[in-house]
Protein chains: 2
Amino acid sequence: MKYHRIPDETVRRLPVYLRGLLFLSDHKQNISSRNLADFISVNDSQIRKDFSYFGAFGTPGVGYDIRKLIRQIKKMLNLSVSHKAALVGAGNLGSAILAYPGFRMYGFDIAAAFDNDPKKIGREINNVRIEDISSLRTLERRKISLAIIAVPRDAAQQTADALVKAGVKGILNFSPLRITAPKKVKVITIDIAMELARLPYYI
Amino acid sequence: MKYHRIPDETVRRLPVYLRGLLFLSDHKQNISSRNLADFISVNDSQIRKDFSYFGAFGTPGVGYDIRKLIRQIKKMLNLSVSHKAALVGAGNLGSAILAYPGFRMYGFDIAAAFDNDPKKIGREINNVRIEDISSLRTLERRKISLAIIAVPRDAAQQTADALVKAGVKGILNFSPLRITAPKKVKVITIDIAMELARLPYYI
DNA sequence: TCGTACTTGAGCTCACATTCACAAACCGGC
DNA sequence: GCCGGTTTGTGAATGTGAGCTCAAGTACGA
Ligand SMILES: NC(=O)c1ccc[n+]([C@@H]2O[C@H](COP(=O)([O-])OP(=O)(O)OC[C@H]3O[C@@H](n4cnc5c(N)ncnc54)[C@H](O)[C@@H]3O)[C@@H](O)[C@H]2O)c1
Ligand SMILES: NC(=O)c1ccc[n+]([C@@H]2O[C@H](COP(=O)([O-])OP(=O)(O)OC[C@H]3O[C@@H](n4cnc5c(N)ncnc54)[C@H](O)[C@@H]3O)[C@@H](O)[C@H]2O)c1
């Protein structure tokens, strides 16, 4: 094992591996890169290379210990501990996200939700009470360092600024706007319409 | 101008340029690659190279004619004509997508919605009536060749198969499953939880 | 103990993507 | 018509990732 910076593309694939391995861990104990590759449709040497970035622990002739691998990937992704996240903007998309149980699989807990619409404040979705946006600053005290932005485009930047001020370290942004934030804060943007816009090119 | 295959990475950036340019077209007539680069945070020679793949039409000393550029990018992305899309799965996420007006910007029209839940069939969201999933085969006749999958994971593959059979050529998939489809059908998957899972790595 | 079948880990090569650097093109003013 | 200031378009250089290959490690049965 050598010290390597992990390539971004590998970081992008790690959650894919993790999801597949979590599924497989119910059925098997070991798996070869070849079998895993077939299961999630990637190249097998790609997998071995990715794993090699954070240490070699496969056994030649046998493969990888699935549970050990899961632990290792979680550790690399910093998912060994559960993370709390806050949702800002409990509109159409925000409500869907609040209702979605699939984040638990990776150890996420959407522990708070905020909106600025008095009609929505106080309502509960999936056991999370929607709070007034002015309470954002409680996030630090509540040890919530991730946030999901689902407010309209024009409110996105100011929301991001407020989140940064509240000590948030990572933002998942659904608004179709390039949000600027200090370098120490990581922003990942999912622009759904833009993905759709890519589709006609291929047909 | 020479004949080039357009790299995938460029295709991924074209909608970004398009969005920025649509915004800028309200304010200016021309823009240099440098200014556009600042606006959307990419490298300026990247932009020039990307544009060069589909023909040179900038003016040295002046920059690019924004409206011409928009036309050209739309043409490359096959967005010059408006596209109809169908939504399958009018649950939490699907309803949010149906209600979202932002797809029009790229010329998309969500013209149909399907579900298999009798309670949902017949309801209307944003002037689109939810139809029974068994009517999927009408898509071809209605000239709908794009689809958005927002059904639960376990129904995703069968939904995709049915869509392919109904003549759909491109699929935007929200289920956390790697869908397999014939090569002639392009599938783009957005796995929201997976994007979130990537966030803690960077913090 | 040995042979066979299997699998890892890593070096290597090829392909693709990004960035640099600069000649050539253009504008506007004088 | 020419000059100074800009900006394009593109080859060349650099950076990054994907996939092939194979020596070496392991399991297991004979
Ligand atoms: N719904 C979709 O399918 C979809 C698709 C692509 C992108 N998006 C983007 O996601 C975001 C949300 O979309 P949506 O459909 O849920 O919109 P929405 O209008 O349904 O919800 C927005 C919510 O944000 C709240 N809000 C507005 N300003 C706020 C502020 N300053 N602080 C806190 N809360 C505020 C509103 O009260 C509302 O509840 C938008 O930026 C949209 O562009 C949505
Ligand atoms: N809601 C989110 O924030 C979110 C986040 C990430 C991923 N996803 C994924 O998006 C998909 C939809 O999520 P959701 O939260 O809207 O779920 P949901 O349960 O609210 O909606 C699913 C809808 O699909 C319909 N359906 C089920 N089987 C069907 C079939 N065979 N044919 C047609 N319709 C069928 C159901 O009646 C329901 O209306 C899921 O795959 C989920 O994993 C959702």
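Because only heavy atoms are used, hydrogens play no part in the values below, and waters and symmetry mates are left out as well, while side chains stay in.
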Under 3.5 Å, N/O pairs linking protein and nucleotides 16-18 of chain D:
from, atom 1, to, atom 2, distance (Å)
D/dA18, OP1, A/Arg13, NH1, 2.8
D/dA18, OP2, A/Arg13, NH2, 3.0
D/dA18, OP2, A/Gln46, OE1, 3.4
D/dA18, OP2, A/Gln46, NE2, 3.1
D/dA18, O5', A/Gln46, OE1, 3.2

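- For A/Ser41, there are no side-chain hydrogen bond (donor to acceptor under 3.5 Å, both in side chains) partners at least two apart in sequence or on another chain.
- Scored by the salt bridge (charged side-chain N to carboxylate O under 4.0 Å, His left out) test, A/Asp65 finds no partners at all (sequence neighbours excluded).
- Legend: residues meeting salt bridge (charged side-chain N to carboxylate O under 4.0 Å, His left out) with A/Arg129, ordered by chain and number and at least two apart, are absent.
- The stretch residues 6-49 of chain A participates, sequence neighbours left out, in these ring pair (Phe, Tyr, Trp, His ring centres under 6.0 Å) pairs: A/Tyr17-A/Phe51, A/Phe23-A/His27, A/Phe23-A/Phe39.
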Got a list of side-chain donor-acceptor pairs under 3.5 Å for residues 191-203 of chain B, not counting sequence neighbours?
from, atom 1, to, atom 2, distance (Å)
B/Asp191, OD1, B/Ala193, N, 3.3
B/Asp191, OD1, B/Met194, N, 3.2
B/Asp191, OD2, A/Arg19, NH1, 2.1
B/Glu195, OE1, B/Arg198, NH2, 2.9
B/Tyr202, OH, A/Asp8, OD1, 3.2

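- Under the rule for a side-chain hydrogen bond (donor to acceptor under 3.5 Å, both in side chains), the partners of B/Asp161 that lie at least two apart in sequence or sit in another chain are B/Gln157.
- For A/Arg12, the salt bridge (charged side-chain N to carboxylate O under 4.0 Å, His left out) partners are A/Glu9, not counting sequence neighbours.
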Kindly give the atom pairs (protein nitrogen or oxygen, nucleotide nitrogen or oxygen) under 3.5 Å for nucleotides 4-8 of chain D.
from, atom 1, to, atom 2, distance (Å)
D/dT7, O4', B/Gly61, N, 2.9
D/dT8, OP1, B/Ser33, N, 2.8
D/dT8, OP2, B/Ser33, OG, 2.6

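- Applying the salt bridge (charged side-chain N to carboxylate O under 4.0 Å, His left out) rule to A/Arg67 yields no partners; only residues at least two apart in sequence or on another chain are considered.
- At a non-hydrogen distance threshold of 4.0 Å, nothing from residues 194-203 of chain A comes into contact with DNA chain D.
- Scored by the ring pair (Phe, Tyr, Trp, His ring centres under 6.0 Å) test, B/Phe174 finds no partners at all (sequence neighbours excluded).
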